[in-house]
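Have a look at the structure below, then the notes.
Chain letters run A, B, ... following the sequence lines, proteins first, then strands; residues in each count from 1. All values below were derived from every heavy atom in this structure, side-chain atoms included, with hydrogens, water molecules and symmetry-related copies excluded.
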Amino acid sequence: MNNYQPPIPPPPIPEKVAIEQIKVAATIIEKIRCSQDIQTIFTSTTQEMRRVLKCDRLLIYQFNDDWSGQVLAESVGAGWSSLLVERNNYEVLGNGHVQQDRCLLRDWSKGASGDILQQDSFLQSTQGGKYAHGQKFTAVEDIYTKGFPDCYLQALEQYQAKAYLLVPVFQEQKLWGLLGAYQNQSTRIWSDSEIELMRQIATHLAVALQQAEYINQLKLQTRSLEITLKELKLAQQQLIQQEKLAALGQLVAGVAHEINTPLGAIQASAGNNNKALIAAIAELPKLSEFLNSAEKVLFFKLIEESMSSKPIFSSSEKRPLKRQISDRLKEYQIDNARNIADLLIDIGVIKEIDSYLLLLQHEKVSWILELAYNLTRLLSNNKTILTSVEKASKVVFALKNYARFDASEEKRLAQVQDGLETVLEIYHNQLKQNIEVIRHYQDVPEIRCYPDELIQVWTNLIHNGIQAMKQGGTLTLTTALENEGIKVEVVDSGSGIPVQVKDKIFEAFFTTKPTGEGSGLGLHISKKIVDKHNGTITVSSQPGNTRFSVWLPLSNEQ
Amino acid sequence: MNSEQIMSESAILCVDDEVVILDSLKEQLKRKFGDRFIYEVAESADEAWEVIEELQQDEIQVIAIVSDWLMPGIKGDEFLIQIHQRFPQLITVMLTGQADEEAIERAKKQANLHACLHKPWTEQELTQIITSALD
């Protein structure tokens with residue numbers, strides 16, 4: 001092992017070599033500048049440097065946090081074993097290297113005459129030893145003349161080195177690693193220019209490392225921002241959905257009433273019809289027995305008139321009528337005038353009572369009117385059933401329109417008034433309490449839009465209007481053509497929006513409603529939806545007149 | 001005057017803003033109780049007061065009111081409370097399409113609510129409520 005060979009004297013540095021070194025330095029620096037991939041920089045740096053220094057091995061070594069470390073890049077001359085390949089191929093051997101590296105590194109940290117028998121913690125406590133404290137390099141021309149202990153010599157023999165030159169690489173203030181050149185064939189005296197070149201390159205590697213670190217941080221930040229953005233979009237979707245569900249929850253009660261009312265009418269009418277039909281079938285055969293032919297003709301005329309009469313009187317109109325008829329019947333000395341008048345009105349006979357005197361003064365008047373009542377109620381109850389079914393399906397349809405919210409909904413042609421009507425239908429119950437709805441609908445064309453999302457806008461505006469008019473008022477809806485677009489206005493006669501909050505109403509989570517009544521997202525979402533249609537939403541408010549104006553362009557090709 | 005005549009001078013009043021409901025209620029009551037009562041309907045609480053007024057002028061006593069809960073103007077429970085304050089003997093029944101428990105509770109306490117009918121109700125429920133109240 002100790003076959004000593006005299007060290008190679010530092011070769012005189014001809015100008016050519018110096019120029020070559022400057023050129024190589026420039027090349028490497030250029031590569032460092034151009035490449036973003038740190039491994040490429042390491043590889044080309046080790047190759048170029050070994051070539052210019054004409055050494056047997058050139059490597060870049062990185063410290064770990066515990067001051068162990070590993071070879072990251074290596075250029076090695078033909079015939080010499082590669083530390084990189086060995087380490088990567090043999091895990092066990094690799095661990096051995098780490099141990100020996102430590103032995104090696106302890107010394108580096110102390111310089112050529114350093115105490116390599118220090119505890120393992122030495123580098124940790126000194127945080128990189130002399131390099132960290134300013135030592136710029138270690139040049140060893142012959143490892144066997146330095147009095148290195150066996151441990152270290154073994155490590156160096158592992159590197160097959162007889163001479164070496166080490167310079168530290170810093171990342172910011174921290175000793176990151178080492179750039180090492182090794183002479184294996186023989187000992188070597190390192191020239192000042194070689195040392196200077198190594199130091200220069202190490203400095204540039206440090207810059208490259210810093211850049212790589214920045215790029216890495218940037219990539220991590222970008223990635224984290226992308227994730228945040230995704231999460232925010234998801235959260236936004238959920239909030240929109242929640243807002244919708246909250247509004248829906250408030251509506252469910254009203255909608256239940258809206259559906260149960262026609263259901264009640266249907267159930268009652270069907271039951272009443274059962275009774276009417278059974279009674280009518282039972283009594284009809286007696287018709288000829290009780291009535292003569294003239295009376296029969298009059299009876300069917302009454303039925304006929306009742307069935308063809310369409311006037312739907314309100315209860316307040318019926319009452320004076322009933323009184324009139326009742327008084328008339330009393331004039332004819334007809335008993336039970338009030339009940340007969342009531343029955344006649346229910347049958348649908350309201351005029352020319354006198355023409356039915358023959359029947360009304362008949363001894364079987366109760367029987368006659370009851371049969372007429374049963375026969376005619378069949379028809380009116382059926383009408384009730386039909387209109388109630390229609391009413392219930394209208395509510396269900398509106399609800400379906402309302403509840404549908406598809407984020408992937410595609411634009412389609414739709415009439416904005418349909419959306420407004422859907423919302424009015426949904427809020428029918430709340431509106432009918434004490435709010436008068438006035439519609440000023442101009443004949444406007446259909447527009448390409450997201451109809452379901454626009455329904456959400458109308459819902460928010462109308463709902464806010466209703467809430468602003470708890471004591472009653474007028475809700476005015478207007479649609480009109482304006483500036484190549486459709487203007488929709490929702491005006492309420494409520495107390496108005498205070499000046500100090502007017503600018504905030506489109507902000508997310510801004511609400512003047514008590515907790516639980518509003519999320520403060522309604523108008524914010526509305527604005528987002530209008531923006532998506534390239535439209536505008538504005539508000540003007542004074543007590544008794546709060547006007548939300550939405551303008552949507554007619555042609556909307558985005 | 002026999003008892004039948006006295007009875008026919010009492011009225012049952014139905015209050016709902018939907019005409020189809022009023023028609024249905026009236027027909028059900030009429031089919032069940034016939035000439036035993038006079039049946040009146042009103043489309044709002046205000047109209048109901050008018051009807052009561054008119055009937056009083058005719059010396060007809062309203063013995064029962066079946067009122068919807070959700071109506072324009074005043075809610076059924078408030079209306080029945082007002083009715084109860086003026087006519088403590090009057091039987092109050094609430095008809096509702098949605099269970100607003102608070103309103104029902106309030107009506108029970110302050111309007112001596114006899115029963116609450118839920119839409120869609122059955123003829124049997126309605127007539128039983130009236131029958132049980134009169135017995």
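- Highest contact tally toward chain A, considering only B:Q28, B:R31, B:E43, is held by B:R31 [criterion: heavy-atom pairs under 4.5 Å].
- Taking A:T387, A:T384, A:N434, A:N272 one by one and counting their heavy-atom pairs under 4.5 Å with chain B, the maximum is reached by A:N272.
- Neither the backbone nor the side chain of B:S44 comes within less than 4.5 Å of any heavy atom of chain A.
- Between the side chain of B:E47 and the backbone N or O of A:S316 there is at least one donor-acceptor pair closer than 3.5 Å.
- At least one side-chain heavy atom of B:D58 sits under 4.5 Å from a side-chain heavy atom of A:R338.
- When each of A:S315, A:A268, A:S380 is scored by its heavy-atom pairs under 4.5 Å with chain B, the top score falls to A:S315.
- More than 12 heavy atoms of other shown residues, nucleotides or ligands fall within 6.0 angstrom of atom CD in B:Q56.
- The part of A:N336 that comes within reach of chain B is its side chain, from C-beta onward, which places non-hydrogen atoms under 4.5 angstrom from that chain.
- Among the candidates A:R319, A:R323, A:K391, the residue making the largest number of heavy-atom pairs closer than 4.5 Å to chain B is A:R319.
- The 12-atom threshold is exceeded at NZ of A:K286, counting heavy atoms of other residues, nucleotides or ligands nearer than 6.0 Å.
- Ionic pairing of B:E40 and A:K322 is present here: one or more N-O contacts between side-chain nitrogen and carboxylate oxygen are shorter than 4.0 angstrom.
- With hydrogens and angles disregarded, a donor-acceptor distance shorter than 3.5 Å links the side chain of A:Q267 to the backbone of B:W121.
- A:A279 does not touch chain B: none of its heavy atoms, backbone or side chain, sits under 4.5 Å away.
- Here the closest non-hydrogen pair linking B:K26 and A:D342 is NZ-OD1, 2.7 Å.
- Atom CD of A:E304 sits in a sparse spot, with 12 or fewer heavy atoms from other residues, nucleotides or ligands closer than 6.0 Å.
- No part of A:I266 comes within reach of chain B, as not one of its non-hydrogen atoms sits under 4.5 angstrom from that chain.
- Few gaps surround NZ on A:K275; more than 12 heavy atoms of other groups in view lie less than 6.0 Å from it.
- The environment of NZ in A:K432 is crowded: more than 12 heavy-atom neighbours from other residues, nucleotides or ligands sit within 6.0 Å.
- No more than 12 heavy atoms of other residues, nucleotides or ligands shown are found within 6.0 angstrom of CD on A:E370.
- Between B:D23 and A:K383, none of the side-chain N atoms (NZ, or NE/NH1/NH2) sits under 4.0 Å from a carboxylate O, so this pair counts as no salt bridge.
- Separation of atoms CG (A:N339) and CZ (B:F37) is listed at 12.0 Å; rounding is to 0.5 Å.
- Nearest heavy atom pair, residue A:A265 against residue B:V20, reads CB-CG2, 3.9 Å.
- Both the backbone and the side chain of B:E27 come within less than 4.5 Å of a heavy atom of chain A.
- Ranked by non-hydrogen atom pairs under 4.5 Å with chain B, the options A:S269, A:S366, A:A276 are led by A:A276.
- Heavy atoms from other residues, nucleotides or ligands lying under 6.0 Å from CD of A:E331 number more than 12.
- Here the closest non-hydrogen pair linking B:I21 and A:T261 is CD1-O, 3.3 Å.
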